[in-house]
Amino acid sequence: MSQAIHPALQLLNRTSLVTQIIIGLLAGIALAVIAPQAALSVGFIGNVFVSALKAVAPVLVFILVMSSIANHQQGQQTHIRPILLMYLIGTFSAALVAVVASFAFPSSLVLSSQAAELTPPGGIGEVLKTLLMNVVDNPVNALLRGNFIGILAWAIGLGFAFRNASASSKQLLGDLSSGVTAIVKLVIRLAPLGIFGLVAATLAESGFDALLGYLHLLVVLVGCMLLVALVVNPALVYWKIRRNPYPLVLTCLRESGITAFFTRSSAANIPVNLQLCQRLGLHEETYSVSIPLGATINMAGAAITITVLTLAAVHTLGIAVDLPTALLLSVLASISACGASGVAGGSLLLIPLACSLFGIPNEVAMQIVAIGFIIGIVQDSAETALNSSTDVLFTAAACMAQEQRKG
(Lines give C-alpha, C1' and ligand atoms only; values in the text may rest on other atoms or scores of the structure.)
Protein backbone atom coordinates (compact mmCIF):
# COMPACT_ATOMS: atom_id res chain seq x y z
CA MET A 1 0.00 0.00 0.00
CA SER A 2 2.89 2.35 0.79
CA GLN A 3 4.12 1.83 -2.77
CA ALA A 4 0.71 2.99 -4.05
CA ILE A 5 0.65 6.05 -1.79
CA HIS A 6 4.21 7.12 -2.53
CA PRO A 7 3.64 8.05 -6.21
CA ALA A 8 0.49 9.97 -5.22
CA LEU A 9 2.45 12.01 -2.68
CA GLN A 10 5.13 12.65 -5.26
CA LEU A 11 2.51 13.90 -7.72
CA LEU A 12 1.05 16.14 -4.98
CA ASN A 13 4.46 17.63 -4.25
CA ARG A 14 5.10 18.26 -7.94
CA THR A 15 1.74 20.03 -8.37
CA SER A 16 1.81 23.72 -7.48
CA LEU A 17 -0.46 25.07 -4.76
CA VAL A 18 -2.26 27.30 -7.27
CA THR A 19 -3.05 24.29 -9.46
CA GLN A 20 -4.34 22.36 -6.44
CA ILE A 21 -6.55 25.32 -5.46
CA ILE A 22 -8.03 25.52 -8.97
CA ILE A 23 -8.75 21.77 -8.85
CA GLY A 24 -10.47 22.24 -5.46
CA LEU A 25 -12.49 25.16 -6.89
CA LEU A 26 -13.69 23.15 -9.90
CA ALA A 27 -14.48 20.14 -7.71
CA GLY A 28 -16.54 22.35 -5.38
CA ILE A 29 -18.53 23.81 -8.30
CA ALA A 30 -19.12 20.33 -9.73
CA LEU A 31 -20.33 18.96 -6.39
CA ALA A 32 -22.69 21.92 -5.88
CA VAL A 33 -24.25 21.32 -9.32
CA ILE A 34 -24.44 17.51 -9.14
CA ALA A 35 -25.29 16.93 -5.45
CA PRO A 36 -26.35 20.11 -3.58
CA GLN A 37 -27.11 18.27 -0.33
CA ALA A 38 -23.68 16.65 -0.29
CA ALA A 39 -22.16 20.06 -1.07
CA LEU A 40 -23.86 21.57 1.97
CA SER A 41 -22.52 18.79 4.17
CA VAL A 42 -18.89 19.45 3.16
CA GLY A 43 -19.23 23.11 4.08
CA PHE A 44 -17.74 22.38 7.51
CA ILE A 45 -14.36 21.75 5.80
CA GLY A 46 -14.40 25.32 4.50
CA ASN A 47 -15.49 26.64 7.91
CA VAL A 48 -12.60 24.83 9.58
CA PHE A 49 -10.19 26.34 7.04
CA VAL A 50 -11.54 29.89 7.55
CA SER A 51 -11.43 29.46 11.35
CA ALA A 52 -7.82 28.30 11.11
CA LEU A 53 -6.92 31.37 9.04
CA LYS A 54 -8.61 33.68 11.53
CA ALA A 55 -6.81 31.95 14.39
CA VAL A 56 -3.28 32.17 13.01
CA ALA A 57 -3.43 35.57 11.27
CA PRO A 58 -3.37 37.81 14.41
CA VAL A 59 -0.60 35.77 16.05
CA LEU A 60 1.41 35.82 12.83
CA VAL A 61 1.28 39.62 12.45
CA PHE A 62 2.13 40.15 16.14
CA ILE A 63 5.13 37.79 16.24
CA LEU A 64 6.46 38.62 12.78
CA VAL A 65 6.49 42.41 13.18
CA MET A 66 7.90 42.24 16.72
CA SER A 67 10.65 39.82 15.68
CA SER A 68 11.56 41.82 12.56
CA ILE A 69 11.99 45.08 14.47
CA ALA A 70 13.78 43.45 17.44
CA ASN A 71 16.28 41.64 15.20
CA HIS A 72 16.99 44.62 12.99
CA GLN A 73 20.73 45.25 13.03
CA GLN A 74 21.77 48.73 14.12
CA GLY A 75 23.10 50.72 11.18
CA GLN A 76 21.45 48.52 8.56
CA GLN A 77 19.39 50.57 6.14
CA THR A 78 15.76 49.79 5.33
CA HIS A 79 13.60 51.31 2.60
CA ILE A 80 10.37 51.54 4.58
CA ARG A 81 9.66 55.24 3.94
CA PRO A 82 9.33 55.01 0.14
CA ILE A 83 7.24 51.85 0.55
CA LEU A 84 4.88 53.59 2.97
CA LEU A 85 4.58 56.49 0.52
CA MET A 86 3.69 54.06 -2.28
CA TYR A 87 1.16 52.35 0.00
CA LEU A 88 -0.47 55.74 0.65
CA ILE A 89 -0.47 56.92 -2.98
CA GLY A 90 -1.68 53.52 -4.22
CA THR A 91 -4.62 53.38 -1.81
CA PHE A 92 -5.72 56.96 -2.56
CA SER A 93 -5.36 56.38 -6.33
CA ALA A 94 -7.53 53.27 -6.04
CA ALA A 95 -10.25 55.30 -4.29
CA LEU A 96 -10.11 57.94 -7.05
CA VAL A 97 -10.42 55.24 -9.73
CA ALA A 98 -13.47 53.89 -7.90
CA VAL A 99 -15.08 57.36 -7.80
CA VAL A 100 -14.55 57.90 -11.55
CA ALA A 101 -15.87 54.41 -12.41
CA SER A 102 -18.91 54.85 -10.17
CA PHE A 103 -19.82 58.12 -11.92
CA ALA A 104 -19.19 56.63 -15.37
CA PHE A 105 -21.06 53.37 -14.70
CA PRO A 106 -23.53 54.01 -11.84
CA SER A 107 -24.88 50.92 -10.09
CA SER A 108 -28.39 50.50 -8.68
CA LEU A 109 -29.18 48.27 -5.74
CA VAL A 110 -32.34 46.59 -4.50
CA LEU A 111 -32.87 47.82 -0.93
CA SER A 112 -35.41 46.34 1.44
CA SER A 113 -36.58 47.40 4.87
CA GLN A 114 -34.63 44.61 6.50
CA ALA A 115 -31.18 45.50 7.84
CA ALA A 116 -28.38 43.30 9.03
CA GLU A 117 -27.89 42.98 12.78
CA LEU A 118 -24.52 44.72 12.97
CA THR A 119 -23.36 47.80 14.85
CA PRO A 120 -21.90 50.41 12.49
CA PRO A 121 -19.76 53.40 13.50
CA GLY A 122 -21.76 56.54 14.17
CA GLY A 123 -19.54 59.10 12.45
CA ILE A 124 -15.98 60.23 11.78
CA GLY A 125 -15.47 61.33 15.40
CA GLU A 126 -16.58 57.95 16.71
CA VAL A 127 -14.37 56.14 14.21
CA LEU A 128 -11.29 58.16 15.18
CA LYS A 129 -12.05 57.48 18.82
CA THR A 130 -12.48 53.77 18.09
CA LEU A 131 -9.18 53.67 16.18
CA LEU A 132 -7.40 55.36 19.11
CA MET A 133 -8.95 52.90 21.57
CA ASN A 134 -7.91 50.03 19.29
CA VAL A 135 -4.31 51.29 19.36
CA VAL A 136 -4.23 51.16 23.19
CA ASP A 137 -6.22 47.93 23.44
CA ASN A 138 -5.02 45.17 25.77
CA PRO A 139 -2.70 42.98 23.65
CA VAL A 140 -4.40 39.74 24.69
CA ASN A 141 -7.81 41.21 23.90
CA ALA A 142 -6.48 42.52 20.57
CA LEU A 143 -5.29 39.03 19.65
CA LEU A 144 -8.59 37.45 20.70
CA ARG A 145 -10.73 39.96 18.78
CA GLY A 146 -8.49 40.17 15.72
CA ASN A 147 -7.89 43.90 16.34
CA PHE A 148 -5.02 44.32 13.86
CA ILE A 149 -4.44 47.99 14.66
CA GLY A 150 -3.89 47.13 18.33
CA ILE A 151 -1.81 44.09 17.41
CA LEU A 152 0.39 46.22 15.15
CA ALA A 153 0.82 48.92 17.81
CA TRP A 154 1.90 46.41 20.47
CA ALA A 155 4.13 44.53 18.05
CA ILE A 156 5.95 47.73 17.02
CA GLY A 157 6.28 48.89 20.64
CA LEU A 158 7.58 45.55 21.93
CA GLY A 159 9.82 45.20 18.88
CA PHE A 160 11.62 48.45 19.69
CA ALA A 161 11.74 47.49 23.39
CA PHE A 162 13.43 44.17 22.52
CA ARG A 163 16.05 45.97 20.42
CA ASN A 164 18.07 46.28 23.66
CA ALA A 165 17.40 42.71 24.79
CA SER A 166 20.03 39.97 24.97
CA ALA A 167 20.99 37.97 21.91
CA SER A 168 19.26 34.88 23.30
CA SER A 169 15.97 36.78 23.72
CA LYS A 170 16.19 38.04 20.15
CA GLN A 171 16.93 34.51 18.98
CA LEU A 172 13.82 33.29 20.83
CA LEU A 173 11.71 35.85 18.97
CA GLY A 174 13.26 34.71 15.70
CA ASP A 175 12.47 31.08 16.52
CA LEU A 176 8.90 32.00 17.46
CA SER A 177 8.55 33.81 14.13
CA SER A 178 9.80 30.75 12.24
CA GLY A 179 7.48 28.45 14.20
CA VAL A 180 4.34 30.53 13.61
CA THR A 181 5.26 30.93 9.94
CA ALA A 182 5.58 27.14 9.62
CA ILE A 183 2.09 26.69 11.10
CA VAL A 184 0.62 29.24 8.68
CA LYS A 185 2.33 27.49 5.76
CA LEU A 186 0.66 24.25 6.86
CA VAL A 187 -2.74 25.97 6.95
CA ILE A 188 -2.13 27.44 3.49
CA ARG A 189 -1.23 23.96 2.18
CA LEU A 190 -4.73 22.88 3.20
CA ALA A 191 -6.27 25.68 1.10
CA PRO A 192 -7.41 23.37 -1.74
CA LEU A 193 -9.60 21.38 0.70
CA GLY A 194 -10.88 24.58 2.33
CA ILE A 195 -11.73 26.16 -1.01
CA PHE A 196 -13.50 22.97 -2.08
CA GLY A 197 -15.75 23.08 1.00
CA LEU A 198 -16.39 26.85 0.85
CA VAL A 199 -17.29 26.96 -2.84
CA ALA A 200 -19.44 23.83 -2.72
CA ALA A 201 -21.46 25.01 0.29
CA THR A 202 -21.81 28.63 -0.87
CA LEU A 203 -23.07 27.73 -4.35
CA ALA A 204 -25.35 25.00 -3.01
CA GLU A 205 -26.91 27.41 -0.53
CA SER A 206 -27.11 30.65 -2.56
CA GLY A 207 -26.85 29.39 -6.12
CA PHE A 208 -25.47 31.38 -9.03
CA ASP A 209 -28.52 33.68 -9.03
CA ALA A 210 -27.21 35.56 -5.98
CA LEU A 211 -24.20 36.68 -8.00
CA LEU A 212 -26.06 37.29 -11.28
CA GLY A 213 -28.43 39.73 -9.55
CA TYR A 214 -25.48 42.01 -8.76
CA LEU A 215 -23.51 41.38 -11.95
CA HIS A 216 -23.24 45.08 -12.88
CA LEU A 217 -21.97 45.98 -9.41
CA LEU A 218 -19.45 43.13 -9.52
CA VAL A 219 -18.21 44.20 -12.96
CA VAL A 220 -17.61 47.76 -11.68
CA LEU A 221 -15.83 46.49 -8.55
CA VAL A 222 -13.63 43.94 -10.27
CA GLY A 223 -13.04 46.29 -13.22
CA CYS A 224 -11.69 48.95 -10.85
CA MET A 225 -9.42 46.42 -9.18
CA LEU A 226 -8.10 45.19 -12.53
CA LEU A 227 -7.50 48.79 -13.65
CA VAL A 228 -5.51 49.49 -10.49
CA ALA A 229 -3.58 46.21 -10.75
CA LEU A 230 -2.75 46.53 -14.46
CA VAL A 231 -2.53 50.31 -15.03
CA VAL A 232 -2.21 52.38 -11.84
CA ASN A 233 0.20 50.11 -9.96
CA PRO A 234 2.47 49.59 -13.00
CA ALA A 235 2.60 53.38 -13.43
CA LEU A 236 3.70 53.79 -9.80
CA VAL A 237 6.29 51.04 -10.19
CA TYR A 238 7.63 52.64 -13.39
CA TRP A 239 7.93 55.92 -11.51
CA LYS A 240 10.23 54.13 -9.04
CA ILE A 241 12.33 51.80 -11.25
CA ARG A 242 12.16 53.57 -14.64
CA ARG A 243 11.82 50.38 -16.69
CA ASN A 244 9.09 48.04 -17.93
CA PRO A 245 7.10 47.21 -14.77
CA TYR A 246 4.91 44.43 -16.18
CA PRO A 247 7.23 41.44 -15.65
CA LEU A 248 7.32 42.30 -11.95
CA VAL A 249 3.58 43.13 -11.84
CA LEU A 250 2.56 39.84 -13.46
CA THR A 251 4.93 37.85 -11.23
CA CYS A 252 3.37 39.36 -8.10
CA LEU A 253 -0.17 38.76 -9.37
CA ARG A 254 0.62 35.16 -10.28
CA GLU A 255 2.66 34.18 -7.22
CA SER A 256 0.85 36.22 -4.54
CA GLY A 257 -2.46 37.39 -5.98
CA ILE A 258 -3.84 33.99 -7.00
CA THR A 259 -3.15 32.44 -3.58
CA ALA A 260 -4.64 35.46 -1.80
CA PHE A 261 -7.70 35.30 -4.07
CA PHE A 262 -8.61 31.94 -2.62
CA THR A 263 -7.48 32.36 1.00
CA ARG A 264 -9.21 35.80 1.20
CA SER A 265 -6.86 36.92 3.99
CA SER A 266 -3.97 39.37 3.52
CA ALA A 267 -2.55 38.43 6.91
CA ALA A 268 -2.63 34.69 6.19
CA ASN A 269 -0.91 35.33 2.85
CA ILE A 270 2.13 36.89 4.56
CA PRO A 271 4.31 33.72 4.36
CA VAL A 272 3.60 33.45 0.62
CA ASN A 273 4.68 37.08 0.15
CA LEU A 274 7.80 36.62 2.26
CA GLN A 275 8.84 33.62 0.17
CA LEU A 276 8.24 35.58 -3.03
CA CYS A 277 10.35 38.48 -1.74
CA GLN A 278 13.12 36.02 -0.94
CA ARG A 279 12.97 34.51 -4.45
CA LEU A 280 13.08 38.02 -5.94
CA GLY A 281 16.28 38.66 -3.99
CA LEU A 282 14.92 41.68 -2.11
CA HIS A 283 16.41 43.30 1.00
CA GLU A 284 15.41 41.06 3.93
CA GLU A 285 15.59 43.82 6.54
CA THR A 286 13.04 45.74 4.48
CA TYR A 287 10.53 43.10 3.40
CA SER A 288 10.43 41.42 6.82
CA VAL A 289 8.80 44.64 8.09
CA SER A 290 6.99 46.00 5.01
CA ILE A 291 5.09 42.80 4.18
CA PRO A 292 3.40 42.34 7.62
CA LEU A 293 2.84 46.09 7.75
CA GLY A 294 1.29 46.12 4.26
CA ALA A 295 -1.10 43.31 5.21
CA THR A 296 -2.59 45.71 7.77
CA ILE A 297 -2.45 49.17 6.15
CA ASN A 298 -2.03 48.72 2.36
CA MET A 299 -5.65 48.32 1.30
CA ALA A 300 -6.27 49.57 -2.24
CA GLY A 301 -8.90 46.88 -2.78
CA ALA A 302 -10.71 47.87 0.41
CA ALA A 303 -10.73 51.54 -0.68
CA ILE A 304 -12.37 50.48 -3.96
CA THR A 305 -14.99 48.37 -2.19
CA ILE A 306 -15.92 51.14 0.27
CA THR A 307 -16.14 53.78 -2.48
CA VAL A 308 -18.06 51.76 -5.10
CA LEU A 309 -20.64 50.35 -2.69
CA THR A 310 -21.19 53.74 -1.05
CA LEU A 311 -21.70 55.52 -4.38
CA ALA A 312 -24.01 52.69 -5.51
CA ALA A 313 -26.18 53.45 -2.47
CA VAL A 314 -25.99 57.18 -3.24
CA HIS A 315 -27.10 56.59 -6.85
CA THR A 316 -29.91 54.25 -5.78
CA LEU A 317 -31.27 56.82 -3.33
CA GLY A 318 -30.99 59.66 -5.86
CA ILE A 319 -28.59 61.76 -3.77
CA ALA A 320 -26.67 64.44 -5.72
CA VAL A 321 -22.88 64.32 -5.28
CA ASP A 322 -20.54 67.19 -6.17
CA LEU A 323 -16.81 66.95 -6.90
CA PRO A 324 -15.55 68.16 -3.48
CA THR A 325 -17.72 65.58 -1.71
CA ALA A 326 -16.46 62.85 -4.06
CA LEU A 327 -12.86 63.84 -3.30
CA LEU A 328 -13.63 63.82 0.42
CA LEU A 329 -15.06 60.33 -0.01
CA SER A 330 -11.78 59.24 -1.63
CA VAL A 331 -9.78 60.54 1.32
CA LEU A 332 -12.18 58.99 3.83
CA ALA A 333 -12.16 55.63 1.98
CA SER A 334 -8.35 55.62 1.93
CA ILE A 335 -8.10 56.33 5.67
CA SER A 336 -10.85 53.86 6.52
CA ALA A 337 -9.26 51.16 4.36
CA CYS A 338 -6.09 51.36 6.45
CA GLY A 339 -8.15 50.23 9.44
CA ALA A 340 -9.78 47.33 7.61
CA SER A 341 -9.31 43.91 9.15
CA GLY A 342 -6.75 41.53 7.66
CA VAL A 343 -9.35 38.75 7.40
CA ALA A 344 -12.18 38.09 4.97
CA GLY A 345 -14.86 40.79 4.72
CA GLY A 346 -13.03 43.33 6.90
CA SER A 347 -13.69 46.32 4.63
CA LEU A 348 -17.47 45.93 4.50
CA LEU A 349 -18.17 47.17 8.05
CA LEU A 350 -16.52 50.49 7.17
CA ILE A 351 -19.14 51.24 4.50
CA PRO A 352 -21.58 52.88 6.99
CA LEU A 353 -18.91 55.45 7.82
CA ALA A 354 -18.63 56.47 4.16
CA CYS A 355 -22.44 56.44 3.82
CA SER A 356 -22.69 58.88 6.73
CA LEU A 357 -21.03 61.51 4.50
CA PHE A 358 -24.22 61.61 2.45
CA GLY A 359 -26.67 61.42 5.33
CA ILE A 360 -27.62 57.82 4.58
CA PRO A 361 -29.12 56.26 7.73
CA ASN A 362 -27.38 53.30 9.31
CA GLU A 363 -30.34 51.00 8.63
CA VAL A 364 -29.90 51.52 4.89
CA ALA A 365 -26.11 51.43 5.09
CA MET A 366 -26.19 48.03 6.76
CA GLN A 367 -28.25 46.71 3.86
CA ILE A 368 -25.33 47.69 1.62
CA VAL A 369 -23.06 45.71 3.95
CA ALA A 370 -25.39 42.72 3.58
CA ILE A 371 -25.18 43.01 -0.22
CA GLY A 372 -21.39 43.09 0.15
CA PHE A 373 -21.49 39.77 1.97
CA ILE A 374 -23.65 38.28 -0.80
CA ILE A 375 -21.14 39.17 -3.52
CA GLY A 376 -18.19 38.59 -1.19
CA ILE A 377 -17.23 35.28 -2.79
CA VAL A 378 -15.98 37.31 -5.79
CA GLN A 379 -15.55 40.84 -4.39
CA ASP A 380 -13.58 39.92 -1.27
CA SER A 381 -11.40 37.45 -3.17
CA ALA A 382 -10.46 40.03 -5.82
CA GLU A 383 -9.94 42.69 -3.14
CA THR A 384 -7.56 40.50 -1.16
CA ALA A 385 -5.66 39.50 -4.30
CA LEU A 386 -5.06 43.17 -5.14
CA ASN A 387 -4.13 44.11 -1.58
CA SER A 388 -1.70 41.26 -1.01
CA SER A 389 0.03 41.31 -4.40
CA THR A 390 0.52 45.07 -4.08
CA ASP A 391 2.42 44.56 -0.80
CA VAL A 392 5.12 42.61 -2.65
CA LEU A 393 4.98 44.82 -5.74
CA PHE A 394 5.65 48.09 -3.92
CA THR A 395 8.27 46.50 -1.66
CA ALA A 396 10.09 45.12 -4.71
CA ALA A 397 9.88 48.46 -6.53
CA ALA A 398 11.37 50.36 -3.58
CA CYS A 399 14.18 47.83 -3.10
CA MET A 400 15.00 47.77 -6.82
CA ALA A 401 15.02 51.58 -6.99
CA GLN A 402 17.46 51.68 -4.08
CA GLU A 403 19.75 49.12 -5.75
CA GLN A 404 19.72 51.16 -8.97
CA ARG A 405 20.76 54.28 -7.07
CA LYS A 406 23.64 52.38 -5.47
CA GLY A 407 24.71 51.03 -8.86
Side-chain angles (χ1 to χ4, degrees), residues 82-107 217-240 245-246 248-249 252-253 256-257 260-261 264 266 269 273 290 293-312 314 321 323 325-342 345-351 353-354 357 372 375-376 378-398:
I83 296 172
L84 289 177
L85 180 61
M86 293 186 76
Y87 284 170
L88 179 63
I89 295 173
T91 302
F92 181 66
S93 300
L96 284 179
V97 166
V99 167
V100 173
S102 295
F103 275 100
F105 309 101
S107 302
L217 180 63
L218 273 173
V219 168
V220 174
L221 278 166
V222 176
C224 288
M225 293 176 192
L226 286 173
L227 186 64
V228 169
L230 299 176
V231 178
V232 176
N233 285 351
L236 288 171
V237 172
Y238 178 79
W239 167 60
K240 291 298 292 184
Y246 283 99
L248 178 61
V249 169
C252 293
L253 286 173
S256 172
F261 183 91
R264 296 172 65 189
S266 296
N269 208 48
N273 285 350
S290 69
L293 196 61
T296 304
I297 67 170
N298 182 35
M299 295 286 173
I304 290 171
T305 296
I306 294 167
T307 303
V308 169
L309 285 174
T310 300
L311 289 179
V314 167
V321 180
L323 182 60
T325 306
L327 291 175
L328 179 59
L329 175 62
S330 299
V331 174
L332 183 61
S334 302
I335 296 171
S336 299
C338 293
S341 173
S347 60
L348 295 176
L349 289 178
L350 294 167
I351 291 171
L353 167 62
L357 268 181
I375 63 174
V378 175
Q379 166 268 323
D380 195 39
S381 297
E383 175 186 316
T384 309
L386 175 61
N387 291 341
S388 191
S389 61
T390 304
D391 295 345
V392 184
L393 180 65
F394 287 169
T395 297

>> side chain to side chain contact (heavy atoms under 4.5 Å, CB included) for Leu386 and Ile304? Distances and angles first, verdict last.
In response: CA-CA 10 Å; Leu386 175 61; Ile304 290 171; 4.0 Å; yes
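- Between the NZ atom in Lys240 and the CG atom in Leu248 there is a gap of 13.5 Å [rounded to 0.5 Å].
- The minimum heavy-atom distance between Phe261 and Val378, with the atom names listed, is CE1-O, 4.5 Å.
- Ser388 contributes no side-chain N or O that, together with a main-chain N or O of Thr384, makes up a donor-acceptor pair within less than 3.5 Å.
- Looking only at distances, no side-chain donor or acceptor of Ser256 sits under 3.5 Å from a matching main-chain atom of Leu253.
- Smallest separation of non-hydrogen atoms from Ala302 and Asn387: N-OD1, 3.8 Å.
- When all heavy atoms are compared, the tightest approach of Val249 to Ala229 is CG1-O, 3.6 Å.
- Between atom CG of residue Leu88 and atom CZ of residue Phe394 there is a gap of 10.5 Å, rounded to the nearest 0.5 Å.
- Remark: the Thr390 side chain and the Asn298 side chain contain no N/O donor-acceptor pair separated by less than 3.5 Å.
- Put simply, CG on Asp380 and OG1 on Thr305 are 7.5 Å apart, with the number rounded to the nearest 0.5 Å.
- More than 12 heavy atoms of other residues, nucleotides or ligands shown are found within 6.0 angstrom of CZ on Phe103.
- The shortest non-hydrogen separation linking Cys224 to Ala98 is SG-CA, 3.9 Å.
- Nearest approach of Ala295 to Asp391, heavy atoms of both residues: N-OD2, 3.4 Å.
- Residues Ser330 and Ala95 come closest through the heavy atom pair O-CB, 3.6 Å.
- No side-chain heavy atom of Leu236 sits less than 4.5 Å from a side-chain heavy atom of Leu393.
- Distance OG/Ser389 to CG/Asn233: 7.0 Å, rounded to 0.5 Å.
- Here the CG-OG1 distance, from Leu96 to Thr91, works out to 11.0 Å after rounding to the nearest 0.5 Å.
- A donor-acceptor contact shorter than 3.5 Å links the side chain of Tyr246 to the backbone of Leu230.
- Side-chain atoms of Leu293 and Ile83, non-hydrogen and from C-beta on, never get closer than 4.5 Å to each other.
- A distance of 5.5 Å separates CG of Leu309 from CG of Leu217, quoted to the nearest 0.5 Å.
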